[in-house]
Amino acid sequence: MTFPSTDDLYITDVPGKGKGIIALRYFQRGETVLAEVPLFTQSIVRGNASVLGALAQCTPEQQQEFFRLHSCHGDRYAQALGIFETNVLPCGSNDAHGHVAQQGGIFLAGARFNHSCVPNVNNHWDAARGQLVFRALRDIEAGEELCLGYGRLLAKRGERRAELSAKFGFDCACEACSLEGKALVASDARRECLAMMYSAHLRGSYGDPFEGVGEAVLALRFLREERLPVYESSFCYSGFHCCAAVSDFTSAMSWAHRAFEASRAAFGDDHACYWKDFVANPSSYSDASSLGKRTLAGPDSSLWNVLGF
Ligand SMILES: [Zn+2]
């Protein structure tokens with residue numbers, strides 16, 4: 001056991017992966033497993049000199065811990081910069097619209113989370129408190145390894161592995177990447193389909209409201225089957241938008257409620273706040289009643305079973 005350990009989790013050697021973080025107790029979905037202030041941060045314009053400059057402000061013990069972290073860059077970068085680039089986590093939001101966090105930080109504990117294409121932990125920057133919060137994406141049992149998702153998760157196994165190998169220098173052997181035969185074909189198909197639906201969501205392209213809400217239900221099913229709850233609130237937004245647009249406020253309210261719960265679990269109360277008003281009053285949404293009145297359905301409606309979703 002090495003620095004830092006708590007009663008909740010500990011850092012240890014994980015076969016085939018170097019160091020990793022193991023849960024010492026049960027964590028409920030949405031619970032904070034770790035909240036950590038950065039050892040130091042760097043802007044997106046950085047180099048070995050700026051990393052060494054920041055390190056000079058740290059204690060000798062902190063410097064020692066920093067140099068114990070792994071670098072996957074070999075001789076491509078000087079050592080300090082290589083370690084920084086391998087372990088940096090965003091202090092802000094990197095979103096799928098191409099917005100990149102302007103600051104990245106080193107977190108001596110957080111850097112020890114390994115990757116999984118089925119992550120059970122999500123990291124989200126809490127700007128008000130100046131700390132990175134790691135939350136359980138689902139219920140986690142004592143003894144499970146805690147993993148983040150480093151790269152694109154909505155992609156086929158071959159694409160995910162190629163990206164992880166190029167950026168981080170390892171061949172992913174997570175449970176999704178270890179699938180074979182029909183199970184792998186089905187997983188690849190679901191993730192590819194989710195990627196297409198996610199990019200339609202980002203473009204705000206919903207098409208026919210009934211089809212839009214049906215796609216959101218299908219996406220939730222695929223996310224459940226792929227165990228990827230981190231995207232749940234995004235697809236609930238699509239369902240909410242479609243229902244609110246046709247003035248089906250009862251269904252819109254249940255989509256908003258589901259989005260609120262999913263957002264709170266993955267990103268915390270501050271982030272989930274966005275949904276509070278819409279749960280209470282979906283007609284306050286800017287695109288509410290922008291299309292002709294129709295009755296659709298919420299995420300848990302029995303209609304979807306009847307239709308075979
Ligand atoms: Zn994987």
Side-chain angles (χ1 to χ4, degrees), residues 9 11-23 27 29 33-34 69-74 82 85-90 94-96 104 107 109-124 132 134-141 143-199 218-235 262 265-267:
L9 43 91
I11 295 171
T12 188
D13 292 318
V14 176
K17 295 187 184 177
K19 299 285 183 202
I21 300 185
I22 308 290
F27 286 98
R29 177 189 181 217
V33 300
L34 176 71
L69 295 175
H70 175 64
S71 168
C72 67
H73 294 287
E85 296 300 343
T86 304
N87 295 282
V88 61
L89 287 168
N94 285 341
D95 65 29
F107 300 84
R112 298 300 191 180
F113 286 105
N114 284 317
H115 163 85
S116 169
C117 301
V118 192
N120 54 7
V121 171
N122 187 49
N123 56 296
H124 185 71
L132 195 59
F134 301 87
R135 290 185 179 81
L137 280 170
R138 55 175 170 76
D139 293 353
I140 296 172
E141 299 299 329
E144 275 190 64
E145 186 182 2
L146 302 173
C147 292
L148 302 174
Y150 293 175
R152 265 187 321 146
L153 300 174
L154 302 183
K156 291 180 176 185
R157 178 175 75 176
E159 295 162 348
R160 298 196 307 270
R161 277 185 160 172
E163 182 181 331
L164 291 165
S165 174
K167 283 191 185 164
F168 298 101
F170 68 90
D171 295 321
C172 190
C174 76
E175 58 187 276
C177 288
S178 303
L179 294 172
E180 296 294 345
K182 282 182 184 167
L184 174 63
V185 172
S187 170
D188 276 353
R190 282 191 291 262
R191 290 193 186 220
E192 199 175 27
C193 187
L194 281 165
M196 283 190 290
M197 292 194 282
Y198 190 59
S199 83
L218 191 63
L220 293 189
R221 197 189 94 193
F222 286 172
L223 290 178
R224 204 164 49 244
E225 289 169 353
E226 290 300 303
R227 304 181 80 203
L228 288 174
V230 71
Y231 296 98
E232 197 177 316
S233 57
S234 299
F235 287 110
F267 309 108

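In each ligand, atom 1 is the first atom listed, and ligand 1 is the first ligand listed.
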One checks the Zn ion (ligand 1) and counts protein N, O or S atoms under 2.8 Å, reaching 4
- Can you name the salt bridge (charged side-chain N to carboxylate O under 4.0 Å, His left out) partners of Asp13, sequence neighbours left out?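 Testing Asp13 for salt bridge (charged side-chain N to carboxylate O under 4.0 Å, His left out), a comparison that skips the adjacent residues, returns Lys19.
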Correct closest heavy-atom pair for Ala109 and Leu34 would be CB-CD2, 3.8 Å
Find the distance between CG (Asn120) and CZ (Arg138) and round it off to the nearest 0.5 Å.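 Here the interatomic distance stands at 4.5 Å.
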Value for OG (Ser116) from CG (Leu146), rounded to nearest 0.5 Å, stands at 11.0 Å
Partner of Glu226 by salt bridge (Lys or Arg N to Asp or Glu O under 4.0 Å), out of Arg160, Arg157, Arg191: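 Exactly one option meets the salt bridge (Lys or Arg N to Asp or Glu O under 4.0 Å) with Glu226, and it is Arg191.
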What class does the angle between the rings of Tyr150 and His115 fall in, given that below 30° is parallel, 30 to 60° is tilted and above 60° is perpendicular?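 Aromatic pair Tyr150/His115 classed tilted.
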